[in-house]
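These notes concern the structure reproduced below.
Note on naming: letters A, B, ... go to the chains in the order of the sequence lines (proteins, then strands), and numbering restarts at 1 for each one.
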Amino acid sequence: MRLSGYFMPTMKETPAEAEIVSHRLMLRAGMIRQASAGIYSWLPLGFRVLKKIEQIVREEQDRAGAQEVLMPTIQSADLWKESGRYDAYGPEMLRIQDRHGRDMLYGPTNEELITEIFRSAVRSYRDLPRMLYHIQWKFRDEVRPRFGVMRGREFLMKDNYSFDLDYAGAKRSYNKMFVAYLRTFARMGLQAIPMEAETGPIGGDLSHEFIILADTGESEVFCHRDFVEFDVLGAGIDYQSDLEPVVEAWTKLYARTDDKHDPAAFENQVPEDKRVHRRGIEVGHIFYFGTKYSDPLKALVATPEGEAVAVHMGSYGIGVSRLVGAVIEASHDEAGIVWPEPVAPFRVGLINLKTADAACTKACEETYAKLRDAGVEVLYDDRDERPGAKFNDMDLIGLPWQLVIGPRGLAKGVVELKRRRDAEREELSLDSALARLTG
RNA sequence: CGGAGCGUGGCGCAGUCUGGUAGCGCACUUGGCUGGGGGCCAAGGGGUCGCAGGUUCGAAUCCUGCCGCUCCGACCA
């Protein structure tokens with residue numbers, strides 16, 4: 001992509017409305033624009049990141065054996081009256097009426113709808129287990145939206161629902177999602193720690209929140225330091241195998257958010273030098289809630305004995321749009337965003353230091369073509385701007401690699417390759433730089 | 001929903017107390033000089049001062065109501 005024609009309105013100054021760093025940087029980098037409180041438009045750069053994150057979530061859901069569907073944003077209130085949550089949910093739910101005066105709502109979550117879909121099609125234990133998920137916009141009319149996309153009213157969420165015959169089956173599904181979540185966040189360069197959690201209005205009795213550590217996080221967390229070094233991607237995962245040992249390994253150490261925190265237990269179970277007390281951001285939440293919805297909504301299946309029983313369900317959410325902000329909270333510096341490669345909007349930023357210089361521009365154009373031909377996602381700054389403006393913009397948007405080509409270096413036969421993460425710069429020939437970026 | 005604050009050009013702000021018809025920096029346009037970390041000179045364009053009503057000869061400024069947004073708290077993916 002050529003920056004000269006790319007819609008990326010960066011800002012030197014920070015809009016007054018943004019308080020936390022991810023919000024500020026997303027606005028300054030031209031990733032989002034606020035439409036109204038807690039509701040955002042995604043501009044090209046931000047949208048690319050959102051799509052990258054969404055795709056990683058999708059791949060790991062599929063790998064764990066879940067199947068993607070797409071349910072609507074607007075739901076009929078009838079189902080919610082049936083489950084009893086139409087009255088229970090409160091003003092967070094955006095209630096609307098269609099032209100016939102029928103009660104509708106903009107879905108804050110989808111347990112009712114998925115259960116309705118399931119019950120209409122499944123009758124026998126032979127059709128179990130199933131895991132169905134979708135990635136869809138939700139709306140929760142928060143009292144106070146804040147933190148940009150981290151706590152918006154409208155947000156993109158992956159929610160998965162599992163259906164099993166009994167608790168043992170449901171626990172197997174729960175374990176699959178537990179492991180899938182660890183993999184999902186690890187692939188984005190995030191160390192997510194599963195913590196015992198309150199189940200909230202969704203309900204249920206087995207639940208973990210996945211928290212990433214970040215100084216600007218919204219909640220206080222307490223955990224064992226060993227969590228920070230756990231590696232989940234190293235070992236291949238067979239989702240057909242018994243995952244209980246993996247889940248146990250990840251849950252036996254102390255890890256709780258402040259509302260579940262027990263100082264005495266913390267001090268008992270965790271040696272002083274292993275105690276971590278930091279702030280964190282919730283990026284995922286998994287629940288087992290048994291027959292809470294299948295009972296009232298009569299999602300029944302026949303057992304091998306021919307008895308009709310309510311299915312055991314779980315739900316598993318990941319805040320996809322929240323993750324964009326969360327990654328930035330976990331990965332930035334004074335100059336701007338520092339994208340982990342898997343979620344970066346582009347892998348390489350190519351900087352033409354002097355577009356007026358024919359030789360320099362020729363080298364840049366050729367390099368741009370070669371990188372694209374090699375399948376590298378590259379953003380080429382071909383604007384007629386001062387070098388300083390280009391450097392600052394490139395640091396701000398945080399692409400992992402910057403390839404800097406200028407007349408001065410070309411005269412010596414070198415270009416500069418800069419790694420955004422640690423600002424390490426290296427002068428090398430254009431060919432070796434290309435080899436590095438395409439290899 | 002309690003508490004606090006803010007709405008003045010695309011962004012950041014001054015002007016409001018003490019009423020006299022709107023200003024600064026950045027950005028933008030044109031020309032020139034420039035060119036390795038947000039340059040310089042010159043000339044320009046752009047604002048119903050959130051909305052509505054009121055007071056006044058005269059309102060960004062005073063009064064009333066409304067709307068929007070932000071921050072702290074309680075609450076949540």
Margin query: Mind checking if A/Arg425 touches a base, just sugar-phosphate, or nothing, with heavy atoms under 4.0 Å?
Written below: base
Check: Counting only side-chain N and O atoms of A/Arg144, is one of them less than 4.0 Å from OP1 or OP2 of B/rC72?
Finding: yes
Item checked: Spacing of the P atoms in B/rC6 and B/rU64 (rounded, Å) -> 16 Å
Next item on the list: Tell me the partner of B/rG25, counting only Watson-Crick (N1-N3 plus N6-O4 or O6-N4) or G-U wobble (N1-O2 and O6-N3) with both under 3.5 Å; none if nothing fits.
Entry: B/rC11
Next item on the list: Please check if any side-chain donor atom of A/Thr257 sits under 3.5 Å from a side-chain acceptor atom of A/Asp259, or the reverse.
Entry: yes
Next item on the list: To the nearest Å, give me how far apart CE (A/Met394) and P (B/rG36) are.
Entry: 17 Å
Next item on the list: Taking the six-membered ring for Trp and the full ring for Phe, Tyr or His, determine whether the centres of A/His224 and A/Tyr254 are under 6.0 Å apart.
Entry: no
Check: Is A/Lys138 salt-bridged to A/Glu154, going by a charged N under 4.0 Å from an acidic O?
Finding: no
Margin query: For a quick check of understanding: with a heavy-atom distance under 4.0 Å over all strands, which category does A/Gly90 fall into, base, sugar-phosphate or nothing?
Written below: nothing
Check: So what does A/Ser321 touch, heavy atoms closer than 4.0 Å: a base, only the sugar-phosphate, or nothing?
Finding: nothing
Check: Could you give the CD-to-C1' distance, from A/Glu19 to B/rA4, as a whole number of Å?
Finding: 13 Å
Check: Would you say the ring centroid of A/His285 lies under 6.0 angstrom from that of A/Phe287?
Finding: yes
Next item on the list: Starting from P on B/rG10, measure out to CZ on A/Arg33 and report it in whole angstrom.
Entry: 11 Å
Note to self: For the C1' atoms, the ones on B/rU21 and on B/rC28, what distance do you get once it is rounded to whole angstrom?
What the structure shows: 26 Å
Notebook entry, point to check: Taking the side chain of A/Ala389 as its heavy atoms from C-beta onward, which of B/rU70, B/rG37, B/rG38 lies nearest to it?
Noted result: B/rG38
Checklist line | Base paired to B/rC6 (Watson-Crick or G-U; both N/O distances under 3.5 angstrom) | finding: B/rG68
Notebook entry, point to check: Between the base of B/rG36 and the side chain of A/Glu416, is there a donor-acceptor distance below 3.5 Å?
Noted result: yes
Item checked: Minimum-distance nucleotide (side-chain atoms of A/Arg386 versus B/rG37, B/rC69, B/rU34) -> B/rU34
Margin query: What's A/Gly409 touching, base or sugar-phosphate or nothing? Going by heavy atoms closer than 4.0 Å.
Written below: base
Note to self: Can you check the distance between B/rU55 and B/rG65, where both ends of the measurement are the C1' atom (answer in whole Å)?
What the structure shows: 15 Å
Checklist line | Whichever of A/Lys12 and A/Val149 has its nearest RNA chain B nucleotide further upstream toward 5' | finding: A/Lys12
Margin query: What's A/Asp357 touching, base or sugar-phosphate or nothing? Going by heavy atoms closer than 4.0 Å.
Written below: nothing
Note to self: Should the side chain of A/Asp384 and the base of B/rG35 be counted as holding a donor-acceptor pair, with the cut-off at 3.5 Å?
What the structure shows: yes
Item checked: P gap between B/rC66 and B/rC24, integer Å -> 37 Å
Note to self: Using 30° and 60° as the class boundaries, would you call the ring planes of A/Phe178 and A/Phe210 parallel, tilted or perpendicular?
What the structure shows: perpendicular
Item checked: Complementary nucleotide for B/rG45 - Watson-Crick or wobble, under 3.5 Å -> none
Margin query: Side chain of A/Lys354, heavy atoms from C-beta onward: which of B/rC11, B/rG35, B/rG37 has the nearest atom to it?
Written below: B/rG35
Check: Do you know which two heavy atoms are closest between A/Phe163 and A/Ile114, and how far apart they sit?
Finding: CZ-CG1, 3.8 Å
Margin query: Only pairs with both distances under 3.5 Å count, Watson-Crick or wobble alike; so what is the partner of B/rC76 in this structure?
Written below: none
Checklist line | Whole-angstrom distance between B/rA42 and B/rU48, as gauged at atom P | finding: 29 Å
Check: Rounded to whole angstroms, how far apart are CG on A/Leu3 and C1' on B/rG38?
Finding: 14 Å
Check: Just checking A/Gly406: base, sugar-phosphate only, or nothing, at a heavy-atom cut-off of under 4.0 Å?
Finding: base
Check: Touch check for A/Arg28, heavy atoms < 4.0 angstrom, all strands: base, sugar-phosphate only, or nothing?
Finding: base
Next item on the list: Provide the distance between the two C1' atoms, one in B/rG39 and one in B/rC26, to the nearest whole Å.
Entry: 14 Å
Check: Taking CZ from A/Phe139 and P from B/rC76, how many angstroms apart are they, rounded to a whole number?
Finding: 18 Å
Check: Rounding to the closest angstrom, what is the interatomic distance between B/rG10 and B/rU56 at atom C1'?
Finding: 35 Å
Check: The side chain of A/Glu13 lies closest to which of these nucleotides: B/rC11, B/rG36, B/rA74?
Finding: B/rC11
Next item on the list: Assess the side chains of A/His312 and A/Tyr288: does a donor N or O sit below 3.5 Å from an acceptor N or O?
Entry: yes
Next item on the list: Just name whichever nucleotide pairs with B/rG19, Watson-Crick or G-U, keeping both distances under 3.5 Å, else none.
Entry: none
Note to self: Over all strands shown, is A/Glu142 touching base, sugar-phosphate only, or nothing at heavy-atom distances under 4.0 angstrom?
What the structure shows: base
Notebook entry, point to check: When the distance from CZ of A/Arg383 to C1' of B/rG39 is rounded to whole Å, what number comes out?
Noted result: 15 Å
Check: So, does A/Arg347 use its side chain to make a donor-acceptor pair with the main chain of A/Leu437 at under 3.5 Å?
Finding: yes
Notebook entry, point to check: Looking only at N and O atoms, is any donor in the side chain of A/Asp395 or the base of B/rG37 less than 3.5 Å from an acceptor on the other one?
Noted result: yes
Margin query: Heavy atoms only, 4.0 Å cut-off, all strands: where does A/Gln34 land among base, sugar-phosphate and nothing?
Written below: sugar-phosphate
Notebook entry, point to check: On a plain distance test, is the side chain of A/Arg146 in donor-acceptor contact with the base of B/rU70 below 3.5 Å?
Noted result: no
Margin query: Could you tell me how far apart A/Met150 (CE) and B/rC76 (C1') are, to the nearest whole angstrom?
Written below: 13 Å
Note to self: If I take atom CG in residue A/Leu353 and atom P in nucleotide B/rG36, what distance separates them, rounded to the nearest angstrom?
What the structure shows: 8 Å
Notebook entry, point to check: Which value, in whole Å, describes the distance between the C1' atoms of nucleotides B/rG45 and B/rU30?
Noted result: 11 Å
Margin query: Counting distance alone, no hydrogens or angles: does the base of B/rC75 have a donor or acceptor under 3.5 Å from a partner atom on the side chain of A/Arg151?
Written below: yes
Item checked: Residue matched to B/rC33 through Watson-Crick or wobble contacts both under 3.5 angstrom -> B/rG39
Next item on the list: Please figure out whether A/Gly388 or A/Pro15 has its closest RNA chain B nucleotide nearer the 5' end.
Entry: A/Pro15
Check: When we call it a touch if two heavy atoms are under 4.0 Å apart, what does A/Lys158 touch: a base, just sugar-phosphate, or nothing?
Finding: nothing
Checklist line | Smallest separation among heavy atoms of A/Leu105 and A/Ser76, with atom names | finding: CD2-O, 4.4 Å
Check: When all nucleic acid strands are considered with a 4.0 Å heavy-atom cut-off, which category describes A/Ala18: base, sugar-phosphate, or nothing?
Finding: nothing
